[in-house]
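Below, read A as the first sequence line, B as the second, and so on, with proteins coming before strands; counting in each chain starts at 1. These numbers were taken from a predicted model, which means no experiment stands behind them.
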Amino acid sequence: MPELPEVETVRRMLEPHVREQTITAVTLREFAGVLETTLPGEPRSWLRGRTITAAQRRGKYLLFPLDDGHTMVVHLRMTGRLLVVAQDAAPVRFEHLRLHLGSHEELRFADQRKFGRVSIFNAEEIARLDARLGPEPLDPATSATMMHARLARHTASIKAMLLDQTVIAGLGNIYVDEVLWATCIHPLTPANTLSVSLIDGLLDAARKILASALANQGTTFSSFENPYGETGNNAAFLKVYGRTKSGGMCERCGTPLVRTVVAGRGTTFCPQCQVMPASGHPT
DNA sequence: ACACTGCCCTGCGAGC
DNA sequence: TGCTCGCAGGGCAGTG
């Protein structure tokens, strides 16, 4: 499941291959519906002949601004992959889209589960997306005070709120569980009962966990691959996610980890050290 | 406005 | 051994 560290890993590796490259041809393969736009006409026509000017990231979205003011937006969802390969390399499995570049390399989008999308947005749609998404956890301007204010009107669980991309952008199921374990916060804690200092600790833990995962080039749990088809190295460092199957124990207290469902997602936590804050009242 | 559920999709592992 | 079934989850539509 590509989350912020995985998407940023893809962006960094892709950037030197796509920046200032002209898309000379566009080929749709297994699932043509992968490429979509609200712009009129054939979606491919908005890419053909355009030059990619940069590779950016916002939350879990990859943004490739084009020289005509539009932006190619890629979301990998669960199993999407963006690959850089030599021209005319053998097709990869579940390959849906090929962009032929002036460099004679190809940018390919593959996705086993067809959840991922490649969209062409105009400037207004990009502005709307940016406005809808919450702040970036790694942006120094994102503060505990700001997050406290955002969470103040939400009675839903802190886990649901951290997964909500309009609250904070870039966290997914793996890193939310890791952050909550690191800060000893129970995933079902109502978001509006967390004090500023607890949220400060939460933000701090999120930054450390995301930065460390990024240094390890992301977590490969099932299918994540970088643009060169390599897996990430961060899975070995996870403290809770995916660790119940092997009878995982909490590294802090030795208690067996518990698996439940919170916010409709598989959730792993330590029942001993992840507790609701004692204060228990909205602040 | 907010909270919550179900849907999309398919490889894989559990269970019989 | 071979089959079926249910799980995995990001984002969004629909409901209350």
Side-chain angles (χ1 to χ4, degrees), chain A residues 1-8 10 29-38 57-63 73-82 92-97 109-119 121 125-126 128-134 136-137 149-180 187-194 210 218-225 231-232 235 238 240-248 257 259-269 282:
Chain A
M1 299 129 265
E3 306 179 26
L4 190 154
E6 292 75 34
V7 178
E8 179 63 17
V10 171
R29 297 183 57 90
E30 294 182 24
F31 173 53
V34 71
L35 183 63
E36 58 174 26
T37 184
T38 62
R57 181 191 57 77
R58 179 76 171 92
K60 301 176 200 168
Y61 293 84
L62 283 160
L63 310 176
V73 178
V74 179
H75 200 299
L76 303 172
R77 294 286 189 104
M78 316 294 298
T79 51
R81 289 177 298 155
L82 272 178
V92 298
R93 257 188 116 181
F94 314 115
E95 187 183 308
H96 306 314
L97 179 70
F109 182 84
D111 187 4
Q112 173 200 123
R113 271 145 93 176
K114 303 179 188 172
F115 279 10
R117 287 294 180 272
V118 178
S119 317
F121 278 17
E125 290 170 315
I126 286 291
R128 266 210 306 269
L129 175 68
D130 185 53
R132 188 165 51 83
L133 292 174
E136 292 283 331
R150 292 183 88 92
L151 295 173
R153 59 198 154 89
H154 293 284
T155 58
S157 69
I158 184 63
K159 168 141 187 178
M161 289 300 98
L162 294 177
L163 286 172
D164 186 337
Q165 303 300 296
T166 70
V167 170
I168 189 162
L171 297 177
N173 204 39
I174 295 175
Y175 296 111
V176 166
D177 275 12
E178 293 299 311
V179 168
L180 292 174
L188 283 173
T189 308
N192 64 350
T193 64
L194 293 169
L210 293 173
T219 299
T220 297
F221 197 74
S222 51
S223 64
F224 171 70
E225 284 183 1
T231 57
L238 298 179
V240 283
Y241 184 88
R243 293 199 53 233
T244 38
K245 275 180 189 128
S246 47
L257 297 171
R259 187 185 157 82
T260 57
V261 175
V262 176
R265 299 290 173 251
T267 300
T268 308
F269 70 104

State whether A/His75 places a side-chain N or O below 4.0 Å from either non-bridging phosphate oxygen (OP1 or OP2) of C/dG11.
-> yes

In whole angstroms, how far is the P atom of C/dC7 from the CE atom of A/Met78?
-> 15 Å

With A/Thr219 as reference, evaluate A/Phe224, A/Tyr175, A/Tyr241 under the side chain to side chain contact (heavy atoms under 4.5 Å, CB included) test and give the passing residue.
-> A/Tyr175

Does a nitrogen or oxygen in the side chain of A/Lys114 sit under 4.0 Å from OP1 or OP2 of B/dT10?
-> yes

Measure from the side-chain N and O atoms of A/Asn192 to the backbone N and O of A/Leu151, and report whether any donor-acceptor pair falls under 3.5 Å.
-> no

Donor-acceptor contact present, side-chain A/Gln112 to main-chain A/Thr79, <3.5 Å | no

What nucleotide, of C/dC12, C/dG9, B/dA3, holds the atom closest to the side chain of A/His154?
-> B/dA3

Just checking A/Phe31: base, sugar-phosphate only, or nothing, at a heavy-atom cut-off of under 4.0 Å?
-> nothing

Between P of C/dG11 and CG of A/Leu171, the distance in whole Å = 11 Å

Just call it for A/Phe94: base, sugar-phosphate, or nothing, with non-hydrogen atoms closer than 4.0 Å on any strand.
-> sugar-phosphate

Rounded interatomic separation in angstrom, taking CG from A/Leu76 and C1' from C/dG11 = 14 Å

Is there a donor-acceptor contact under 3.5 Å from the side chain of A/Arg265 to the main chain of A/Thr267?
-> no

Rounded to the nearest Å, what distance is computed from the CG atom of residue A/Leu163 to the P atom of nucleotide B/dT5?
-> 14 Å

To the nearest angstrom, the CG-P distance between A/Leu62 and C/dG11 comes to 12 Å

Whichever of A/Gly266 and A/Leu129 has the more 5' nearest nucleotide on DNA chain C, that residue is A/Gly266

Look for any protein N or O under 3.5 Å of an N or O in nucleotides 13-16 of chain C and output each such pair with its distance, or none.
none

Could you tell me whether A/Met1 contacts a base, only the sugar-phosphate backbone, or nothing, with contacts defined as non-hydrogen atoms closer than 4.0 Å?
-> sugar-phosphate

Verify whether one side chain among A/Gln165 and A/Tyr61 offers a donor that lies under 3.5 Å from an acceptor in the other.
-> no

Length of the CE-P vector between A/Met161 and C/dG10, whole Å = 14 Å

Quick one: which of C/dG11, C/dG9, C/dC12 gets closest to the side chain of A/Arg132?
-> C/dC12

C/dG11 phosphate, OP1 or OP2, under 4.0 Å from A/Arg113 side-chain N/O = no

Got a sec, which residues hit side-chain hydrogen bond (donor to acceptor under 3.5 Å, both in side chains) with A/Thr166, two or more places apart in sequence or on another chain?
-> A/Asp164

Hey, does the side chain of A/Tyr175 come within less than 4.0 Å of C/dG9's phosphate (OP1/OP2), counting only N and O?
-> no

Would you indicate which nucleotide in B/dA3, C/dG11, C/dG10 comes nearest to any side-chain atom of A/Thr155?
-> B/dA3

For A/Glu225, does its backbone N or O pair with a side-chain atom of A/Arg81 as donor and acceptor, under 3.5 Å?
-> no

Which of parallel (below 30°), tilted (30 to 60°) and perpendicular (above 60°) describes A/Phe109 and A/His96?
-> tilted

Polar side-chain contact A/Arg77-C/dG9 base: donor and acceptor under 3.5 Å | no

Using heavy atoms to find the nearest nucleotide of DNA chain B for A/Ser157 and A/Gln112 separately, return the residue whose nucleotide is more 5′.
-> A/Ser157

